[in-house]
J.: 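Structure incoming, see below.
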Amino acid sequence: MKLVKLFGIALIAIGLSSPAMAQQSGGQPDQVDQLAQMVGLSEDQQKEIRGIIEEMQAEIQELQGEAQQLQQQIQAQIKPDYDEDAIREKAEELGDVTGEMTAMSTLMQAKVDAVFTEEQREELNKRMQQMQQQMQQQRQMQRQQQKGMQ
């Protein structure tokens, strides 16, 4: 049950941490609005979740940019006269940045989860289980289709 809850919160937090997902164009409801409809968030809860996202989003995006730069620097060392020390140094830095991104994402998830009431968590768990079952069914159908094509 905890796995499903964490999976659901992770999906929500990851989706919400992306500015493209957080504010969709065309007047469509954003993911906070969708979550509000799904579990019945109050206006105050929606405001609090948006505040959490805004607070942490800039930091996570900055870390993502830093990680991309480090990956490019590591990739630039793929050449005949590579520098092993530089590769290892940048790889260690990348590990640190990735670890910090994981920590920030987890903190954001925990803060969002803390906004929910117990009933809302139960409803979210129920919805996430349903989504997980649907995804499993879709994967099974895809596998069957692939087998039929062979």
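What's counted below: heavy atoms across the whole structure, side chains too, no hydrogens, waters or symmetry copies.
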J.: So which atom in D113 and which in R121 form the shortest heavy-atom distance, rounded to 0.1 Å?
T.: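 Nearest pair, atom of D113 first, then R121: O-NH2, 2.8 Å.
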J.: Measure the shortest side-chain to side-chain distance between L63 and E66 over non-hydrogen atoms and say whether it is less than 4.5 angstrom.
T.: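 Contact flag for L63/E66 side chains = yes.
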J.: Around atom CD of Q130, are there more than 12 heavy atoms from other residues, nucleotides or ligands closer than 6.0 Å?
T.: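 Counting neighbours around CD of Q130, more than 12 heavy atoms of other residues, nucleotides or ligands fall under 6.0 Å, so yes.
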J.: If you measure from the Lys or Arg side-chain nitrogens to the Asp or Glu carboxylate oxygens, is any gap between E92 and R88 under 4.0 Å?
T.: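 No.
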J.: Any side-chain heavy atom of D83 within less than 4.5 Å of one from I87?
T.: no
J.: For the CD atom on Q136, are there more than 12 heavy atoms of other groups (residues, nucleotides or ligands in this structure) within a distance under 6.0 Å?
T.: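 Counting other residues, nucleotides and ligands, CD of Q136 exceeds 12 neighbours.
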J.: Nearest 0.5 Å, what's the CG-CD distance between N125 and E118?
T.: 8.5 Å
J.: With a 4.5 Å cut-off on side-chain heavy-atom distances among I, L, V, M, F, W and Y, is there a chain of contacts connecting M131 to F116?
T.: yes
J.: Would you mind reporting whether Q68 and Q64 have side-chain heavy atoms less than 4.5 Å apart?
T.: no
J.: When you measure from the side chain of Q46 to the backbone of A36, do you find a donor-acceptor pair of N or O atoms at a distance under 3.5 Å?
T.: no
J.: State, with a plain yes or no, whether a side-chain heavy atom of T117 is found less than 4.5 Å away from one of Q45.
T.: yes
J.: Do the side chain of S105 and the main chain of M101 share a donor and acceptor less than 3.5 angstrom apart?
T.: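 Pair absent, no side-chain N/O of S105 close to backbone of M101.
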J.: Run the side-chain contact (heavy atoms from CB on, under 4.5 Å) check on L70 and Q73 step by step: do they pass?
T.: CA-CA 5 Å; L70 287 166; Q73 291 170 4; 3.7 Å; yes
J.: Would you say K79 has more than 12 foreign heavy atoms packed within less than 6.0 Å of its NZ?
T.: yes
J.: Does the side-chain contact (heavy atoms from CB on, under 4.5 Å) test come out yes or no for Q132 and M128, once each step is laid out?
T.: CA-CA 6 Å; Q132 193 174 31; M128 291 300 113; over 6 Å; no
J.: Of all the heavy-atom pairs spanning I52 and M108, show the shortest one and how long it is.
T.: CG2-CG, 3.9 Å
J.: Find the distance between CG (L94) and CD (Q69) and round it off to the nearest 0.5 Å.
T.: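 It is 11.5 Å, given to the nearest 0.5 Å.
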J.: Is the shortest side-chain heavy-atom distance between R127 and E123 below 4.5 Å?
T.: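 Contact flag for R127/E123 side chains = yes.
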J.: When you look at L35 and L124, which way does the side-chain contact (heavy atoms from CB on, under 4.5 Å) test go after all the steps?
T.: CA-CA 9 Å; L35 185 60; L124 183 61; 4.2 Å; yes
J.: If you measure from the Lys or Arg side-chain nitrogens to the Asp or Glu carboxylate oxygens, is any gap between R50 and D33 under 4.0 Å?
T.: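 A salt bridge is present here (some side-chain N lies under 4.0 Å from a carboxylate O).
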J.: Any side-chain donor-acceptor pair under 3.5 Å between E84 and Q77?
T.: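 No - no donor-acceptor pair under 3.5 Å links their side chains.
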J.: If you look at every heavy atom in Q120 and V39, which pair is closest and at what distance?
T.: CG-O, 3.3 Å
J.: Which atoms form the tightest heavy-atom contact between V32 and L41, and what is the distance?
T.: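 The pair with the smallest heavy-atom distance is O-CD1, 4.3 Å.
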J.: What's the spacing between E62 CD and E100 CD if we round to 0.5 Å?
T.: 10.5 Å
J.: Look at E55 together with K111 and state whether they make a salt bridge at an N to O cut-off of under 4.0 Å.
T.: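 Answer for the salt bridge query: yes.
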